[in-house]
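Quick caveat, the model's predicted, so the values are computed rather than measured.
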Amino acid sequence: MARRPLPRILSSGSASITRGREIARTAADGATDVLHPLITVVRGLRLLAVSGRQKWVATPKERRGPKLFLGAACVLAVALVPYGPILALVTVMGAAAWKGRERTPVRTGPDDAETARLRSLYEALVPYFSTPDDPAPLFAHGGDWDKAFDGYAFDADGRLTRLRVSYPAYFTDGEAAARSRIEQLLHTKSGRGREYRFGWDEEANRLVMTVLDALPTTIAAQRFVTAPGETVLGFTDPDAVSRTVPVRDGDMTVDASPVVWRTGGRSTEPHLLAVGQPGGGTTTLVRSIALQALRDGDVIVVDGGGTGEYGALAGRGGVLAVESGLGGALATLEWAAHETERRLIAANRARQSGHPVPDDIRRPLWILLDRPGALGHLAAADGRTDPLELLRIPLRHGRAAQVTVVLAEQFDALDTLTETVTTHTRARAVLGPASREQIEAVLGAEPHTTPPSEVPPGRGYVRLGAGPVLRLQVPATPDPYDDATSDAHRQAVLDLLPGRHTSVEAASAPEPADEGPSTEQVPVAVETAARPVQAVPVEAMAVEARPSEPLAKAQPAGAES
C-alpha cells in the first residue's frame, strides 16, 4: 500500500513555525525586561499583603480594635499632612520594590555531586558500622545516609572539609585498631594530599572529621615573648593550645599559637628527644633551641654528624664548646657530668647552710647533641666510652642542677639510644615524613591527624610528657653560613647570635666577621667576671690536651688558688 504524502502545510511550514516561536520568545523576553520594575512592585505588594494578613490573623481578637483605630488615625494624619498621600504612596511603592526584589536562593542541601560523594562514603562505612544481628541498622546497603551524616561541609572544589558521623553504640571505638581503620577509610575516600583531624566522642557515639589548614612556614627565628625557663619549640593549631604570642611573619606582626616547653627545677619534662628523617628539620630545631637558650644560659653543642651546621655558634658568648670529633665530644661531655655533680653539691651545701643558691648554679646549662649515634659507632670501633653513657648523670639529676639535655637523632639510629636516654627524655618530637607506627613508637601515642606524605622541613608532631600529640612547625632557623639560605633568614639568625668571646686568647686576635664558618678551633671560655665559678676536678678530662685545656682555662683565677 503506497504511503500518502504529508500535507503541504505540515511539510513546508515547519521552518515558518520555528521562526515564529523564536519571534514570540524574543518578544516575551523583551516585554519581561521592560515590565521588570512593574513585576517587582506587584510581587512586593503581594508579599506585603500576605505578611499583613498573617500579622492580622496572629493578633488576638481583643487587640484588633485598638490596632484598627490606630491604623485609621495614621491614615487620617497622612491625609491631612501636605503632600502626605503622595509621600505615603512613594513609601509603599519603595517598600514593595524592596520586598519584591529577586534574591539569590539559599542552598539548603548538597548538590548532586556532593550527594554522590556522601553516599559513596556511607556505602564504604557499611561493613564497619553494621552487623547482621542489628534489627534496625543505622548503616545498611542502600540505606538513608542523612541519618548517619548529621553535619557536613564542602569547599569550593566540592571536597569535604568537615563531616560528623553518628555510629552505632556497639562499634568498638575503644580499640585503637578499629578507630585507625575508620580514619584510614575516611582519609582515602575524602581525598589525599590533605591533613585530617579525627575527634572521637565515645559517650555520644559521634566522630567528627575536620580538614586542617597548613601550618605557617614563613615564621623565622626571632625573640619570642616567653618567661625564663620557657622555650618555643614551634607553632601549632590555634585550637590546640590556650596561648598566643606576637611574632613577625614577614613584614607583618601576627598572633601565633606556640608549643612552649618548660624546663628547670619544676619541669616534668626536663629533657627533649627529637627524631626525624634526613632533612626533616631536627638540626633546625636544635639550632632554634640553642639561640633561645643563649639568652640567659650556657650552651654545649656536640655535632655527631660533623657537617658544620653549628659553625656560627663557635666562639660566641655563652657557647662553652662546639665539638664534632670523638675526643673533643668525650672530654666535653665528661666535663658536663662533673659540672652537674658540682652544681648538685654546691646547691645542697647552700640549702643546708640557709644561704641562697649561687648565681652560677641557677644559670641554665644546655647540652645539645645532634646525631650522637655516629659518635657512638666511632667510640665502639675505637674501644672508647659511648658518649651517651656520659649523659647518665645530666639526664638523671639535671633538673635539680639546672642542666637540660636535648638530643636529635634519625630513625635508623634509634636502636643506639641507651635506656637512660629513652627513660628521661619525656619531651618528644618527630619531624619530617613518618608513618603512624613510627610516630607512635617515639611519642608513645598516635596522632589524631593523618600524617601527610610530603611535608616542609621542620614539620612534624610533638608531645610533652603525657600530654596530647600536637602538630608542630619549627620556626625557620637555617645555618647562616649556608649559601642556600635566604638573606632574610640569614640576617634573622645573625641578629640572635651573641657577640664573640672576650677572653685573653681572643683579645689579641682580630674578631672574625660573620662571613663564613671559622676555620680554626675557637677556645672555650666563660665570662668569669660576671659570674664566678668554683673549680671542678678535671683529672678525668685529660683524654686529649686540646679540648681539656680550654675548659680548664674557663675557671676563674680565684678558684685555682
Side-chain angles (χ1 to χ4, degrees), residues 16-119 144-164 166 204 206 208 210-211 213 238-239 244 246 252-255:
S16 301
I17 295 175
T18 303
R19 189 163 46 254
R21 289 176 179 176
E22 292 179 355
I23 294 174
R25 187 180 298 110
T26 302
D29 294 341
T32 302
D33 295 338
V34 172
L35 299 176
H36 183 267
L38 181 59
I39 296 174
T40 301
V41 172
V42 172
R43 186 190 303 120
L45 290 175
R46 182 178 60 82
L47 294 176
L48 288 175
V50 172
S51 178
R53 183 178 181 279
Q54 291 177 352
K55 290 183 179 181
W56 178 259
V57 172
T59 302
K61 292 184 179 180
E62 61 273 9
R63 295 183 181 179
R64 292 182 180 179
K67 279 193 173 183
L68 187 61
F69 177 76
L70 181 61
C74 293
V75 171
L76 180 61
V78 170
L80 296 177
V81 173
Y83 303 104
I86 297 177
L87 293 177
L89 180 61
V90 172
T91 303
V92 172
M93 292 297 103
W98 177 261
K99 190 73 174 179
R101 72 189 188 280
E102 294 183 357
R103 299 181 179 90
T104 303
V106 180
R107 286 185 54 186
T108 57
D111 56 18
D112 295 341
E114 295 170 353
T115 302
R117 184 180 291 272
L118 290 174
R119 178 165 294 281
D144 189 4
W145 58 266
D146 289 337
K147 297 180 180 179
F149 301 156
D150 53 356
Y152 46 83
F154 293 86
D155 58 9
D157 298 331
R159 297 196 300 174
L160 275 170
T161 58
R162 189 177 183 275
L163 178 66
R164 187 168 62 181
S166 298
R206 280 187 174 87
V208 178
T210 309
V211 177
D213 297 330
D239 57 349
T244 60
M252 302 172 55
T253 300
V254 298
D255 290 335

Practice problem: Keeping to residues at least two apart or across chains, list the salt bridge (Lys or Arg N to Asp or Glu O under 4.0 Å) pairs with something in residues 144-156. | Solution: Asp150-Arg164, Asp150-Arg206, Asp155-Arg194
Exercise. Would you check, one step at a time, whether the test side-chain contact (heavy atoms from CB on, under 4.5 Å) holds for Leu160 with Leu118?
Key: CA-CA 9 Å; Leu160 275 170; Leu118 290 174; 4.2 Å; yes
Exercise. Check the pair Phe154, Arg117 against side-chain contact (heavy atoms from CB on, under 4.5 Å), reporting the backbone distance first and the verdict last.
Key: CA-CA 11 Å; Phe154 293 86; Arg117 184 180 291 272; 4.0 Å; yes
Quiz prompt | Rounded distance [0.5 Å steps], OG1 in Thr115 versus OH in Tyr152 | solution = 7.0 Å
Exercise. Answer yes or no: are there more than 12 heavy-atom neighbours, outside Asp239 itself, under 6.0 Å from its atom CG?
Key: yes
Quiz item: Can you name the closest pair of heavy atoms from Pro246 and Asp255 and give their distance?
Solution: CA-OD1, 3.8 Å
Quiz item: What is the minimum heavy-atom distance between Val78 and Ala88, and which atoms define it?
Solution: CG1-CB, 3.7 Å
For a quick test of your reading: what N or O donor-acceptor pairs under 3.5 Å do the side chains of residues 50-77 make, sequence neighbours left out?
unit_1: Thr59; atom_1: OG1; unit_2: Lys55; atom_2: O; d: 2.6
unit_1: Thr59; atom_1: OG1; unit_2: Lys67; atom_2: NZ; d: 3.3
unit_1: Arg64; atom_1: NE; unit_2: Thr59; atom_2: O; d: 3.3

Side chains of residues 37-46: which donor-acceptor partners sit under 3.5 Å, not counting sequence neighbours?
unit_1: Thr40; atom_1: OG1; unit_2: His36; atom_2: O; d: 2.9
unit_1: Arg43; atom_1: NH1; unit_2: Gly100; atom_2: O; d: 2.5

